[in-house]
Amino acid sequence: MFVLLTNDDGIEAPGLLALASEFRSRHEVAIVAPDRERSASAHAITVDRPLRAKKIEHAQAPSWAVSGTPGDCVKLAITTLLPRQPDMVISGINRGPNLGTDVFYSGTVAAALEGVLFGLPAIAVSLASYAANANYGFAARVARAVAERLIGKPVLSQALLNINVPNLPDKEIRGISITRLGTRRYRNVFEARKDPRGQIYYWLAGELVNEERSDRDTDIAAVAEGKVSITPLHIDLTDYGRLPQLERWLDEPFDI
Ligand code: MN
């Protein structure tokens, strides 16, 4: 298959390079990724300034470094840069997990989601570690194995899979769980500091509150137990359960 690789940690991130070397051994690969780290950019796109796409000639796969967000990269790749439509979009391997409600902020997940908006299957893959010597090799093999399962299945043609891999030696990974998104909450979200001119500024520095240990079917619980978590995500955010209740509102006219 022909896969588009992207990420939100920037084109030089070790997780992206690990994906590229893993996929290159069996598949055709192109890389279109941000020219710098764009973590936590969610699904932002650039509309108020031009985008530059720099072709990287020394790379082992056709590669472009784009001066935009992960979402920009996937849009530009599919519509403009790539010689043909890829079969799949793979985003990652992110430095750090993308679990539970954090997926709303994740540039890694948003890049995969952009692939789904183009009608393609897509995988976001994240490693639950920020360490420089983290084990990206195993996560890359997981991504490749899942991609090979996903390809060519009509029922999964627009599937979005969010994969999180624990940072453990390969032999200590305790299997794979299919999970739902958990809930992540943070404490002390903003730190107030003083700049050299005496003005207050705020820095987002939340401390994770690890609740939900009892819910064993979540992505958070799976990774905490040393398992690879695979969560299928929906791009349709409609809350179908509340539709009937809201429809009943229309029985009485609004005071407009
Ligand atoms: Mn990131």
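Each ligand, and each atom within it, is numbered from 1 in the order the structure gives. We number each residue from 1, following the sequence as shown.
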* Do the charged groups of R52 and D35 touch, with an N to O distance under 4.0 Å? -> no
* Looking only at non-hydrogen atoms, find the nearest pair between S129 and P97 and report the distance. => N-CD, 4.3 Å
* **N94 atom OD1 and S39 atom OG as seen from the Mn ion (ligand 1), angle to 10 degrees** => 180°
* **I93 versus A18, closest heavy-atom pair with distance** => CD1-CB, 4.3 Å
* To do: Tell me which N, O or S atom of D8 sits nearest to the Mn ion (ligand 1).
  => OD1
* Closest approach of D219 to N98 (non-hydrogen atoms, all atoms of both residues) -> OD2-O, 4.5 Å
* Structure fact -> Looking at D9, the N/O/S atom that lies nearest to the Mn ion (ligand 1) is called OD1
* Name of the residue among D102, T218, T101 meeting side-chain hydrogen bond (donor to acceptor under 3.5 Å, both in side chains) with R184 -> D102
* Asked: Does T108 bring an N, O or S atom to under 2.8 Å of the Mn ion (ligand 1)?
  -> no
* Look at the N, O or S atoms of S106, main chain and side chain alike, and state whether any lies under 2.8 Å from the Mn ion (ligand 1). => no
